[in-house]
Peer 1: 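Just dropping this structure here.
Along the sequence shown, the residues carry numbers beginning at 1. Source: prediction; values computed, not measured.
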Amino acid sequence: MKIHKHLVSEIVTALDEVFEQGFYADKVIQRHLKANTRWGARDRRFFAESVYEIVRWERLLSHMADDNDLWKVWGAYWIRQGNELPDWEELEGLNPAEVIAREKNVSSFAIAQSIPDWMHARGQQELGDDWKDAMRALNKPAEVFLRTNTLKTTPDELIKTLEEAGINATKVSPDLPNALRLVERKNVFITEPFKKGLFEVQDAASQMVAPLLGVEPGHRVIDACAGAGGKSLHLASMMKNKGKIISLDIHEWKLQELKVRARRDGVDVIETRLIDSNKVIKRLYDTADRLLLDVPCSGMGVLRRNPDSKWKLSNEEIDRLHGLQYEILTGYCKMTKKGGQMVYATCSLFPSENEKQIEKFMSEHGSDWTLLKQIHVRPDKEGYDGFYAALLQRNN
């Protein structure tokens, strides 16, 4: 494959922004694609895939190149793809045979799977023998899943509509009746079906969370860590756009994005509220038939989608999140009515963020709550993102 140096130079610049300047990979990629409107589809795909994959494998590639220089790291990536190295001065001293040999002789799991040593140690401590299989699965690129917006269409109709737009999608499983999987990765955000609000992009594991709440039309539901509202929108479709959903978050811009998505999806039962003080929560005590707490977490279950987060995460940050998660769980649970139900969810694989938090909660508040169900989803088992959710009922 012929490669243009200016394109590689752009990739190296983007990598510098991720690793040296601390920007998020998806935002860096978006910015570069916007700035290079002349690139064709092939170059755009090559740029985005290269940046993501080098971010994913950076530690292994640095080891293969025996150098942290980002041009050399790109060179190791290019060789690993089975390509011939271009004759560029930035790649001088890089010997393809030695690069390949260094990959073959890696003995460290952390280097081979391109993760920090602390993460490997923590993963083993948290998951034991399951850790290595989970981590290998987290290094495979994620598939694209869609959730049918049943307020506007059905999964069968959506499959036909997408086909007319040049996109092939198939049903996932009877357990997830409204989930579709793309046969081939494509940019669905520019299609007419997306602009008409016929679907949302949402991983299959994430689509398992809202149904746990067993919502019905007319329910009053609170989504307390709503973010940009993927699960709020899912709940609205399950409630047939009847009832009330109060979507809370500490970030105004995320709630603004939710409003845009709700309009596109034809949803008008969602009311957004910014959590700018504790009073916002206290005013809602004992008001929710159903409460969703999709709490901030390490994101260890979604590393496939956010590979740069493993370089930004730390043990200290996870410990901080433990405190925040428990604070949200114990402080926000009071918004549930007596007899109402609550789901606590994370996109983490680590028991310390999941069932251990629920065990602690039940040991302290078990007289007021009943644990009804827990689900664990793992990328190496179901093939979806890593997710955890617990369903609890308030007794008194």
Side-chain angles (χ1 to χ4, degrees), residues 150-151 178 205-227 229-250 255 258 262 267-275 277-297 324-347 353-377 387-396:
T150 52
L151 298 175
N178 300 315
S206 178
Q207 292 187 47
M208 293 178 179
V209 176
L212 269 182
L213 281 165
V215 293
E216 290 171 11
H219 265 161
R220 183 180 170 89
V221 180
I222 298 174
D223 182 359
C225 311
K231 295 183 185 69
S232 289
L233 295 168
H234 192 181
L235 290 162
S237 69
M238 291 172 68
M239 291 160 66
K240 298 184 167 52
N241 204 30
K242 290 173 184 157
K244 179 83 164 176
I245 297 171
I246 299 171
S247 300
L248 309 171
D249 204 84
I250 58 169
L255 295 174
L258 169 51
V267 169
D268 54 21
V269 292
I270 292 176
E271 179 193 327
T272 61
R273 292 190 197 173
L274 182 68
I275 304 173
S277 76
N278 234 3
K279 286 179 189 165
V280 176
I281 305 301
K282 284 183 176 169
R283 284 192 200 108
L284 292 168
Y285 280 2
D286 303 305
T287 63
D289 296 304
R290 300 288 186 268
L291 171 66
L292 174 59
L293 302 178
D294 185 10
V295 298
C297 72
L324 179 61
Q325 289 158 358
Y326 200 68
E327 192 183 306
I328 290 171
L329 179 54
T330 52
Y332 289 20
C333 67
K334 297 165 191 166
M335 292 190 282
T336 315
K337 283 179 184 172
K338 286 170 188 171
Q341 294 181 355
M342 163 176 80
V343 162
Y344 169 91
T346 80
C347 53
E353 298 182 81
N354 298 337
E355 57 267 39
K356 293 278 194 285
Q357 296 281 38
I358 294 300
E359 282 168 24
K360 184 181 176 189
F361 180 78
M362 290 305 293
S363 73
E364 294 178 3
H365 305 272
S367 58
D368 297 328
W369 292 85
T370 303
L371 176 59
L372 301 177
K373 189 177 183 181
Q374 295 181 88
I375 60 168
H376 297 80
V377 185
F387 245 92
Y388 167 83
L391 174 65
L392 301 100
Q393 181 155 323
R394 185 174 174 189
N395 307 322
N396 53 55

Peer 1: Minimum heavy-atom separation for I358 and A390, please, with both atom names.
Peer 2: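 That would be CG1-CB, 3.8 Å.
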Peer 1: Just grab all the salt bridge (charged side-chain N to carboxylate O under 4.0 Å, His left out) pairs involving residues 207-217, residues at least two apart or on different chains.
Peer 2: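 Non-adjacent pairs meeting salt bridge (charged side-chain N to carboxylate O under 4.0 Å, His left out): zero.
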Peer 1: At their closest point, which heavy atom of T336 faces which heavy atom of Q341, and how far apart are they?
Peer 2: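 It is CG2-N, 3.6 Å.
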Peer 1: With side chains defined as the heavy atoms from C-beta onward, is the minimum distance between D249 and D223 less than 4.5 Å?
Peer 2: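 No, their side chains stay 4.5 Å or more apart.
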Peer 1: Verify the distance criterion only: is there a donor paired with an acceptor across the side chains of E364 and Y326 at less than 3.5 Å?
Peer 2: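 Yes, a side-chain donor-acceptor pair sits under 3.5 Å.
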Peer 1: Rounded to the nearest 0.5 Å, how far does CD1 of I245 lie from CD1 of I270?
Peer 2: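 Output value for this atom pair is 5.0 Å.
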Peer 1: Please find the pair of heavy atoms, one from Q374 and one from L371, that lie closest to each other, and give the distance.
Peer 2: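 Smallest heavy-atom distance, with atoms named: NE2-CD2, 3.7 Å.
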Peer 1: About how many Å separate CG of L212 and CD1 of I375, when rounded to the nearest 0.5 Å?
Peer 2: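 If I round to the nearest 0.5 Å, the distance is 4.5 Å.
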Peer 1: With no hydrogens and no angle check, is any side-chain donor or acceptor of S277 less than 3.5 Å from a backbone partner on K279?
Peer 2: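 Pair found, side chain donor or acceptor close to backbone of K279.
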Peer 1: Looking only at heavy atoms, which two atoms of M335 and A224 are closest? And how far apart?
Peer 2: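 Smallest heavy-atom distance, with atoms named: CE-CB, 3.9 Å.
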Peer 1: Kindly determine whether T346 and N354 satisfy side-chain hydrogen bond (donor to acceptor under 3.5 Å, both in side chains), including the steps that lead there.
Peer 2: CA-CA 7 Å; T346 80; N354 298 337; 2.6 Å; yes
Peer 1: Would you say that C333 contacts L392 through its side chain, given a criterion of any heavy-atom pair below 4.5 Å between the two side chains?
Peer 2: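 They are not in side-chain contact.
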Peer 1: Listed by chain and number, what are the ring pair (Phe, Tyr, Trp, His ring centres under 6.0 Å) partners of Y388, not counting sequence neighbours?
Peer 2: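 If we apply the ring pair (Phe, Tyr, Trp, His ring centres under 6.0 Å) test to Y388, skipping adjacent residues, the hits are H376.
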Peer 1: Return yes if some donor-acceptor pair links the side-chain N/O of N241 with the main-chain N/O of D268 below 3.5 Å, else return no.
Peer 2: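 At least one qualifying donor-acceptor pair exists.
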Peer 1: Quick one: closest heavy-atom pair of I281 and G331, and the distance?
Peer 2: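 Smallest heavy-atom distance, with atoms named: CG2-O, 4.1 Å.
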Peer 1: If you measure from CD1 on I275 to CG on L248, what distance do you get to the nearest 0.5 Å?
Peer 2: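 The CG atom of L248 is 4.5 Å from CD1 of I275, to the nearest 0.5 Å.
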Peer 1: How many angstroms lie between NE2 in H234 and CG in L213, if you round to the nearest 0.5 Å?
Peer 2: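 Rounded to the nearest 0.5 Å, the NE2-CG separation comes to 10.5 Å.
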Peer 1: To the nearest 0.5 Å, what is the distance between CD (Q357) and CE (M362)?
Peer 2: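 Between Q357 CD and M362 CE, I get 14.0 Å after rounding to 0.5 Å.
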Peer 1: What closest approach, in Å, do N395 and S367 show between heavy atoms, and which atom pair accounts for it?
Peer 2: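 It is ND2-O, 3.8 Å.
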Peer 1: Going by heavy atoms in the side chains, are I222 and T287 under 4.5 Å from each other?
Peer 2: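 They are in side-chain contact.
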Peer 1: What residues, two or more places apart in sequence or in another chain, satisfy ring pair (Phe, Tyr, Trp, His ring centres under 6.0 Å) together with F361?
Peer 2: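 H365, W369.
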Peer 1: Once rounded to the nearest 0.5 Å, what's the spacing between atom NZ of K338 and atom CG of N396?
Peer 2: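 Answer for the NZ-CG pair, K338 versus N396, is 6.5 Å.
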Peer 1: Could you check whether D286 pairs with K337 (Lys NZ or Arg NE/NH1/NH2 to Asp/Glu carboxylate O, under 4.0 Å)?
Peer 2: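 Looking at D286 and K337, the cut-off is not met.
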Peer 1: Taking atom types as modelled and ignoring hydrogens, do the side chains of S247 and S232 form a donor-acceptor contact shorter than 3.5 angstrom?
Peer 2: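 The criterion, which ignores hydrogens and geometry beyond distance, is satisfied for S232 and S247.
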